[in-house]
Structures are given as structure tokens and as C-alpha cells.
Amino acid sequence: MNQRTLEILLGMDEKDIELQIAYHCAPLLAGLKSSNLLMLCSEDLDRGTDILKRAGISYFVMADMEGKAAVLLFDRQRLEIYLREEKVWKVFRDMGYGEQSMGKILYAFRQRYERYLRSDQEFPHEMGLLLGYPVEDVEGFILNGGKNCLCIGYWKVYENPDEKIALFRRFERARDILMEMVSQGLTIAEVVQKRLLVLFA
């Protein structure tokens, strides 16, 4: 995070949903990642989803409980392709998922995630796959109980650390640029519609 992004972040109104989306979801908006997770206050959910609709961003509300909403923002085509990969689907299948369609996976995941939030079930680590994390890192996390990783960035890395560190730097650059754009008055819809983020492709 550069100094300017830190300044924007420190001065950010927690009700500024556009800046929240820019901060938490820049890798997705920049085309570097298939999905990102956005946490909102439940009272801001309608306003947040309206912003996403106007920007043409796909989203799925994973949970809305106890005043907090977890929203998955995603590139539908990229995420569908990823979830159809044999290694990825094997993880879901081994965790008891019965159908491979993205819609079925999302709805089944929401049930598991809500049970976790009610403390009825352990954390569903397949969330990492829905967030587009490399399958080898999700499997490594599960097998190692979250320990013994090679490095930590946007997720815990268990293979190819140099490649992932370079990717994390691109994520950071995307966030810095997008935060600056939105802080200067551009909306998320304008950023997406004007394709101002092609520089990240």
C-alpha cells in the first residue's frame, strides 16, 4: 500500500461503499482475479448491491447475519471456468458437494457458511476456491491446518511463492490506482464502463 492509499484509507468514511469496493475488490475489478469478498453492514447491503448492479458486476450474498453481510463479487465466466477444473471440482466433491454448477455450489456453500456463523460447523475452507485462490494453496492450507505456508499475502501460499508474490504486488498496484480513481470522484460503474483498468490486463 502506498502512502496516498493509506491517506485515503485513514480518511475514508465507513459509509463510502464505492471506496470500500475499490479497496477490497480491486483485483477483481482490474481483471487480475475471478472474485473478491466484500463485507458490508447489513443496513448498507441494498445500497451496495445497487452500486454493483449499475456497474454490471455479478454478486452473490453469502450471508446476512447479525448486522453484517458477506458478498461475493465475481467475474461469472472466469469463476465458472475455474470451478469446472477437475482439481477444483474434486475438492468440492470430496467435501460433499453433489452438483458442479456454479449456482448449486454457491447455494450449498451459503448454507454451510451460515451454519459456521451460527457456530454449528467448522469454517468451510472451500471459500478459498470461490475466491479464486489457487487450488494447490487451498489444499495446502487444509492439509497443514493453516500452518507451514511458504509466504502470506492475499492468502497463505504453499506452492510457487515467487509467482504468487509477484501477483500480490499487482493486486496492490491495482488497489492503489483504483482507490485514487474513486477518491477523485469516479464511480465504480464509471471505472468499469470506461474500461479504465485495461492497464492491468
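Residue numbers count from 1 along this sequence. Heavy-atom basis, side chains included; hydrogens, waters and symmetry copies ignored.
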### Side chain Asp44, main chain Arg47, donor-acceptor under 3.5 Å
no

### Message
Quick check: is Leu150 connected to Ile165 through a chain of hydrophobic side chains (ILVMFWY, heavy atoms under 4.5 Å apart)?
### Response
no

### Message
Please evaluate residues Glu126 and Leu130 with respect to the criterion side-chain contact (heavy atoms from CB on, under 4.5 Å), reporting the C-alpha separation (whole Å), side-chain torsions for both, the decisive distance (0.1 Å), and the verdict.
### Response
CA-CA 7 Å; Glu126 62 271 28; Leu130 293 174; 5.5 Å; no

### Query
Would you call Arg93 and Glu86 a side-chain contact if the rule is heavy atoms closer than 4.5 Å?
yes

### Query
Given side chains that start at C-beta, do those of Ile51 and Glu18 come closer than 4.5 Å, heavy atoms only?
yes

### Task
With the side chain counted from C-beta on, respond yes when Asn160 and Asp162 share a heavy-atom pair under 4.5 Å apart, and no when they do not.
no

### Side-chain donor-acceptor contact under 3.5 Å, Asp75 with Ser34
no

### Query
Can you check whether Met181's main-chain N or O pairs, donor with acceptor, with Gln184's side chain at less than 3.5 Å?
no

### Query
For Ala69 and Ser42, which heavy atoms make the closest approach, and how far apart are they?
N-OG, 4.1 Å

#### Entry: Same cluster (ILVMFWY, side-chain, under 4.5 Å), Tyr133 and Ile152
no

### Message
Applying a strict under-4.5 Å side-chain criterion to I, L, V, M, F, W and Y, I'd like to know whether Leu143 and Phe123 cluster together.
### Response
no

### Ring-face cation of Arg112 near Tyr97 (centre distance under 6.0 Å, axis angle within 45°)
yes

### Task
To the nearest 0.5 angstrom, please state how far the CD atom of Gln100 sits from the CD1 atom of Ile105.
6.5 Å

### Message
Would you say Tyr116 ends up clustered with Met65 if hydrophobic residues are merged whenever their side chains have heavy atoms under 4.5 Å apart, either directly or through other cluster members?
### Response
yes

### Summary
Leu19 and Ser183 have their tightest heavy-atom pair at CD2-N, 4.0 Å

### Summary
In terms of heavy-atom contacts, Val182 and Ala22 come closest through CG2-CB, 3.9 Å

### Query
Donor-acceptor pair, Asp137 side chain versus Val157 backbone, under 3.5 Å?
no

#### Entry: Heavy-atom side-chain contact between Trp89 and Arg84 under 4.5 Å
no

### Task
Keeping the roles fixed (side chain from Arg76, backbone from Ser58), state whether a donor-acceptor pair exists under 3.5 Å.
no

### Message
Any side-chain to backbone donor/acceptor pair from Lys33 onto Leu131? Under 3.5 Å, distance only.
### Response
yes

#### Entry: Flag side-chain contact, heavy atom, 4.5 Å: Met179 against Tyr23
yes

### Task
Count the heavy atoms of every other residue, nucleotide or ligand shown that sit under 6.0 Å from CZ of Arg169, and state whether that count exceeds 12.
no

### Query
If every non-hydrogen atom of Ala55 is compared with every non-hydrogen atom of Ala189, which pair is closest and at what distance?
CB-CA, 3.6 Å

### Query
Under 3.5 Å, is there a donor-acceptor pair linking the side chains of Glu99 and Tyr107?
no

### Query
Do Val135 and Tyr82 have side-chain heavy atoms sitting under 4.5 Å apart?
yes

### Message
If we ignore hydrogens and angles and just use 3.5 Å, is the side chain of Arg110 paired with the main-chain N or O of Phe60 as donor and acceptor?
### Response
no

### Message
What's the separation between atom CG in Leu129 and atom CD in Glu85, rounded to the nearest 0.5 Å?
### Response
10.0 Å

### Query
Hey, are the side chains of Asp94 and Lys90 touching, using non-hydrogen atoms and a 4.5 Å cut-off?
yes

### Query
What distance do Glu114 atom CD and Asp64 atom CG have between them, rounded to the nearest 0.5 Å?
8.5 Å

#### Entry: Near-ring test Phe92/Phe109, centroid separation under 6.0 angstrom
no

### Message
Would you say that Pro134 contacts Lys164 through its side chain, given a criterion of any heavy-atom pair below 4.5 Å between the two side chains?
### Response
yes

### Summary
So CD1 of Ile177 and CD of Glu180: to nearest 0.5 Å the spacing works out to 9.5 Å

## Note on the structure
Value for CZ (Phe141) from OH (Tyr158), rounded to nearest 0.5 Å, stands at 6.0 Å

### Query
So if you build clusters from Ile, Leu, Val, Met, Phe, Trp, Tyr with side-chain heavy-atom gaps below 4.5 Å, do Ile17 and Tyr59 land together?
yes

### Query
Taking atom CG of Asn36 and atom CZ of Phe171, what is their separation to the nearest 0.5 Å?
7.5 Å

### Task
Provide the closest heavy-atom pair for Glu172 versus Tyr154 in the form atom of the first, atom of the second, distance.
OE2-OH, 3.1 Å

